[in-house]
Every structure is written in C-alpha cells, then in structure tokens.
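Everything below concerns the one structure shown next.
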Amino acid sequence: MSTAAWLWFAATALTVDGFGYVEKGLVYDEEAMGDLPEASNSLALGELAAGPTGIRGIVGGDDPEDSFSFVVPDGMVFSSLTLTTYEDPYTGEDGNLGFAHLNRNETSFTPSVETISRMLGGMILTTADIGDLLPSLSNATLDPEALDQDPVPPVGMGFDTPLEPDAYAITVYNGDNGQGDPVDPVLWELVVGLSSA
C-alpha cells in the first residue's frame with residue numbers, strides 16, 4: 001500500500017487505538033503505525049487538505065525526536081498549529097519540558113543554539129502550552145540573550161500569520177535533562193490547520 005493510501009486509510013477507517021477513539025483528521029499515530037523519524041528524515045505527509053490534520057507521537061528516552069513535513073497547497077494557508085495533548089503516556093500526568101520547532105522545508109534538523117537562526121520559530125513545550133502554538137511561534141526572536149531568560153521565549157526568525165503555501169517541517173524534541181540523562185517519554189499530539197486563502 002502506498003504512503004498516501006495508508007494515510008487516507010488511517011484518517012478515514014481507523015477507529016480505535018491504545019488511547020480509545022481516534023479523532024477525525026488524525027493521519028499518523030506513532031503507537032499504531034510505527035516510530036516517527038528523526039529530524040533529518042521527516043515523515044513526508046505531502047499536500048494537506050483544508051481542515052485539521054492530526055499527528056500523534058511519543059518522544060523521550062531512546063527516541064528524542066519526532067519529525068514530520070507537509071505541503072500547504074496553492075489556494076490554502078497554514079492557519080493554526082494546535083497542541084492538543086502533552087502528557088506522560090503511562091500516567092497521564094503533565095509531560096516534562098520539551099521543545100518544538102517549525103521551519104520552512106521538507107526536512108528538519110535537531111534543535112540547538114546553532115540552528116536557532118534557521119527556525120521560523122521554536123519554543124519550549126509544557127502541558128500549559130496546550131492550544132494554538134502558531135501565534136507564539138510567530139513572535140520568535142533571534143536575540144541571543146533570550147536563551148538566558150526565564151522562561152525562555154520562542155526563538156527563531158518569526159513570521160506573519162497565516163503562513164502561505166510552501167513546504168513546512170515540524171520537530172518535537174524531548175532528549176535529555178540538560179545533564180545528558182534521558183528523560184521520561186512524553187505523548188504529544190499536534191493538529192495542523194489549513195484554511196482557504
């Protein structure tokens with residue numbers, strides 16, 4: 001079965017997973033469909049249709065990165081990026097600190113101080129961030145002193161919303177605790193929203 005056919009099947013026919021009902025618009029669930037790739041090899045979803053497109057993954061421990069890319073076709077705009085879930089997959093408690101970033105391209109990269117200037121926007125994630133991330137990401141800053149602030153504001157080039165037709169990649173990262181120790185995994189779900197231009 002081709003990737004496009006599999007994604008269509010997953011979005012329209014799959015009704016149950018390990019967490020219960022699969023919401024309409026969920027096109028990839030890492031638990032049911034396999035590990036999402038790392039940033040250098042983003043899962044290519046191709047052109048998205050109008051409306052919500054959901055992606056669900058688990059990061060942390062031996063799997064620090066999940067990455068996917070998509071294309072906003074002509075006549076559409078990228079109008080929202082909603083974090084709907086960010087929690088410990090085993091207990092349902094709040095997830096630990098993570099990071100998500102958005103860039104323009106069909107591949108991504110591991111987030112670091114050196115790659116901030118290549119991001120449209122990147123931000124620290126917590127359960128408190130559930131909601132539309134696009135407004136925060138759009139206000140990203142390239143000010144190097146931002147990394148010393150508490151809390152750290154969104155970093156990157158920033159952008160105007162909604163985003164125009166183009167290819168985009170998103171990476172969710174939850175690698176270590178800053179001292180090289182693996183962290184507990186986090187279950188996340190993002191919903192990409194496209195609307196007519």
Side-chain angles (χ1 to χ4, degrees), residues 10-11 17-39 42-43 45 48 51-70 78-103 108-112 115-116 119-140 146-147 149-156 161 168-178 181-194:
D17 69 8
F19 301 100
Y21 180 72
V22 174
E23 299 83 3
K24 182 176 179 175
L26 184 70
V27 298
Y28 200 91
D29 183 346
E30 190 174 62
E31 185 176 70
M33 302 164 131
D35 188 34
L36 282 161
E38 294 182 355
S42 300
L43 173 70
L45 299 176
L48 300 185
T53 300
I55 306 291
R56 182 183 293 154
I58 297 177
V59 290
D62 294 334
D63 180 23
E65 294 177 353
D66 285 341
S67 187
F68 63 96
S69 65
F70 56 93
F78 179 8
S79 53
S80 64
L81 178 63
T82 306
L83 180 67
T84 60
T85 303
Y86 194 82
E87 64 187 33
D88 183 302
Y90 307 111
T91 66
E93 295 177 6
D94 291 355
N96 53 41
L97 289 180
F99 189 81
H101 71 90
L102 166 69
N103 64 297
S108 194
F109 43 81
T110 300
S112 70
T115 60
I116 288 172
M119 297 177 198
L120 286 175
M123 64 185 285
I124 291 175
L125 286 181
T126 69
T127 304
D129 294 306
I130 288 178
D132 190 0
L133 304 179
L134 217 52
S136 293
L137 292 171
S138 72
N139 290 318
L147 298 174
Q149 295 178 22
D150 186 19
V152 175
V155 294
T161 58
Y168 298 93
I170 297 171
T171 298
V172 178
Y173 180 81
N174 184 29
D176 63 52
N177 62 1
D181 302 320
V183 295
D184 292 333
V186 171
L187 168 70
W188 60 269
E189 183 175 281
L190 287 170
V191 178
V192 176
L194 299 192

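Because the structure is a prediction, the values reported are computed rather than measured.
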Hey, does [Y] have a side-chain heavy atom less than 4.5 Å from the side chain of [X]?
X      : Y      : result
Pro185 : Pro89  : yes
Val59  : Leu187 : no
Met123 : Leu133 : yes

Which atom pair, heavy atoms only, marks the closest approach of [X] to [Y]?
X      : Y      : result
Ala146 : Val155 : CB-CG1, 4.4 Å
Val191 : Pro52  : CG1-CB, 3.5 Å
His101 : Gly122 : CB-CA, 3.7 Å
Pro154 : Leu137 : CB-CA, 4.5 Å

Donor-acceptor pair, [X] side chain versus [Y] backbone, under 3.5 Å?
X      : Y      : answer
Tyr173 : Asp66  : no
Ser80  : Asp132 : no
Glu30  : Arg56  : no
Ser108 : Ala169 : no
Glu189 : Thr85  : no
Asn96  : Asp184 : yes

Under the side-chain hydrogen bond (donor to acceptor under 3.5 Å, both in side chains) test, residues paired with [X] that sit two or more places apart:
X      : answer
Thr161 : none
Thr82  : none
Asp63  : none

Trace of the side-chain contact (heavy atoms from CB on, under 4.5 Å) decision for Leu194 with Phe78: CA-CA 5 Å; Leu194 299 192; Phe78 179 8; 4.1 Å; yes
Quick check for you: to the nearest 0.5 Å, what is the distance between [X] atom [atom1] and [Y] atom [atom2]?
X      : Y      : atom1 : atom2 : value
Leu190 : Ile55  : CG    : CD1   : 8.5 Å
Asp88  : Glu93  : CG    : CD    : 6.5 Å
Glu38  : Leu43  : CD    : CG    : 13.5 Å
Phe99  : Thr126 : CZ    : OG1   : 13.5 Å
Ile170 : Leu36  : CD1   : CG    : 11.5 Å
Asn174 : Trp188 : CG    : CH2   : 12.0 Å

Full working for side-chain contact (heavy atoms from CB on, under 4.5 Å) between Thr53 and Phe70: CA-CA 10 Å; Thr53 300; Phe70 56 93; over 6 Å; no
Aromatic ring proximity, centroids under 6.0 angstrom, Phe68 and Tyr28: no
Steps toward side chain to side chain donor-acceptor pair (under 3.5 Å) verdict (Ser69, Ser42): CA-CA 6 Å; Ser69 65; Ser42 300; 5.1 Å; no
Derivation and outcome, side-chain contact (heavy atoms from CB on, under 4.5 Å), residues Thr84 and Ile130: CA-CA 6 Å; Thr84 60; Ile130 288 178; 5.6 Å; no
Side chains of Glu65 and Thr171, donor plus acceptor under 3.5 Å: no
